[in-house]
Amino acid sequence: MFSALALLSAALVPQLVSGQVPRLGGVNTAGFDFTVYTNGSFTNNAAAPPTWQYAHFSGEGANLYRIPFAWQEMTPTLGGPINETFFYEEYNPIVQAALASGPDSYIIVDVHNYARWNGEIIAQGGPTNEEYASLWSQLSTLYGGNTRLLFGLMNEPHDLDIPTWAESVQYVVNAIRAAGAQNYLLLPGSNYTSAATFPTGAGPYLLNVTDPLGGTEKLIFDVHRYLDYDNSGTHAECVTNNTEVFETLVSWLQENGNRQAILSETGGGNTASCDEYLYQELAYIKATYPSMVGFSVWAAGSFATNYILSMTPYSNGTDQPLWNVAVRPNLPAPV
Ligand SMILES: *[C@@H]1O[C@H](CO)[C@@H](O)[C@H](O)[C@H]1NC(C)=O
Ligand SMILES: *[C@@H]1O[C@H](CO)[C@@H](O)[C@H](O)[C@H]1NC(C)=O
Ligand SMILES: *[C@@H]1O[C@H](CO)[C@@H](O)[C@H](O)[C@H]1NC(C)=O
Ligand SMILES: *[C@@H]1O[C@H](CO)[C@@H](O)[C@H](O)[C@H]1NC(C)=O
Ligand SMILES: *[C@@H]1O[C@H](CO)[C@@H](O)[C@H](O)[C@H]1NC(C)=O
Ligand SMILES: *[C@@H]1O[C@H](CO)[C@@H](O)[C@H](O)[C@H]1NC(C)=O
């Protein structure tokens, strides 16, 4: 299925081959997204992720950090200009700390708004595609020069018309390229970007999204998957390693032009069941590169160390047990 060069590269070192992002593994650093609700409202309890965590995790072999933010923080007026105080004094310093934490650190710039602004869906009664694209056109001007910044076009769209959503995705892809940015773009489906329903839900529509740069190497599908009984990521116990879900997804990717996906959220509690199942899930993701580009677990950053899915290290520098057992061995180059 894959070129010998890609397989050789994947087996030896996770280096960038032409048009392909290296194998990625790391963690979400939450905080700027705090109190964005699933209806796209935001009550501004944002808390900047602590910068020391990036050097900490990179020292252990992580090379991917997803840094969510609320759309309303970045552009306080819908369709209006980026708040330069927020961007230059708050968000960008965190992004720069993450980039500086390792020579091959990749960052997902993630607008965490569920395809919504204050309860209303993009191009489906709410913001226009132009207003949505305005955010990304501005970010493209600011971040287009660095292809280690992956653009997460939207966190967890849900309960919307999928064909219309695919048109919004195409609109924003075109706007990003028109602004001159060549970054990798993470395309989200619906159903909270469920990995399980992607091949039969939004997947067939997002396959038709084209890249004005040509090819599809820079269009990566964005999926999420948890391991608790209802796939909500709100319970400490894990009940599955999701192998069937990812086998189905990987087959679908390979059958549809050798496309790629990234697991940008997954995780569990500090329990024996998650030690076992999360380890197995991430080992599978790591083994299926380059179909699966990699993973970022949920979540460190400003979460307390006792949050149910916390990956936040303790103040004495010790990691969460689940991180040590299940995540760290599956990082691209574990130390
Ligand atoms: C811009 O961001 C700064 C820093 O977060 C904040 O204090 C200010 O209120 C924001 N401006 C607007 C118009 O929201
Ligand atoms: C969004 O959800 C929050 C939390 O449930 C709620 O307080 C708020 O009123 C909702 N906003 C809109 C616009 O529906
Ligand atoms: C969303 O996922 C749920 C299960 O997680 C499934 O029952 C439902 O059919 C999915 N919806 C779509 C539109 O794929
Ligand atoms: C994708 O495009 C192809 C070719 O134009 C078309 O046949 C197919 O129906 C499209 N798929 C969806 C889900 O719209
Ligand atoms: C996931 O669990 C199934 C069922 O227990 C098992 O057959 C499979 O080998 C596991 N997958 C991995 C990657 O360990
Ligand atoms: C660090 O703190 C955690 C949480 O309080 C504790 O479980 C662990 O034993 C501590 N480790 C060291 C080396 O002090």
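We count ligands from 1, going down the list as the structure has it; atoms in each ligand are counted the same way.
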*Within a distance under 4.0 Å of any heavy atom of Pro204, pick out the atoms of ligand 4 and give their elements.*
13 (C)
_Has Ser137 got a side-chain atom pairing as donor or acceptor with Ala133's backbone, closer than 3.5 angstrom?_
yes
*Under 4.0 Å, heavy atoms only, figure out whether ligand 1 is touched by the backbone of Glu90, its side chain, both or neither.*
side chain
*Decide, yes or no, whether a salt bridge links Arg66 with Asp110 under the criterion of side-chain N to carboxylate O below 4.0 Å.*
yes
*Would one find more than 12 heavy atoms of other residues, nucleotides or ligands at under 6.0 Å from atom OH of Tyr307?*
yes
*Gln182 atom CD, over 12 foreign heavy atoms within 6.0 Å*: no
Sub-4.0 Å protein heavy atom near [atom]:
| atom | answer |
| --- | --- |
| atom 2 (O) of ligand 4 | yes |
| atom 14 (O) of ligand 5 | yes |
| atom 11 (N) of ligand 4 | yes |
| atom 7 (O) of ligand 5 | no |

*May I ask you to identify the nearest protein heavy atom to atom 5 (O) of ligand 5, giving residue, atom name and distance to one decimal place in Å?*
Asn241 ND2, 4.7 Å
*Is any N or O atom of Asn208, backbone or side chain, closer than 3.5 Å to an N or O atom of ligand 4?*
yes
_Checking Trp117 against Tyr132 for the ring pair (Phe, Tyr, Trp, His ring centres under 6.0 Å) test, could you report, in this order, the C-alpha distance in whole Å, the side-chain angles of both residues, the deciding distance, and whether it holds?_
CA-CA 10 Å; Trp117 175 286; Tyr132 174 39; over 10 Å; no
_Backbone or side-chain N or O of Thr85 under 3.5 Å from ligand 1 N or O_ = no
_For Phe69 and Phe86, I'd like to know if the aromatic rings sit close, meaning centre-to-centre distance below 6.0 Å._
no
*Ring centres of Phe198 and Phe221 under 6.0 Å apart?*
yes
*With a cut-off of 4.0 Å, which atoms of ligand 1 are near a heavy atom of Asn83?*
1 (C), 2 (O), 3 (C), 8 (C), 10 (C), 11 (N), 12 (C), 14 (O)
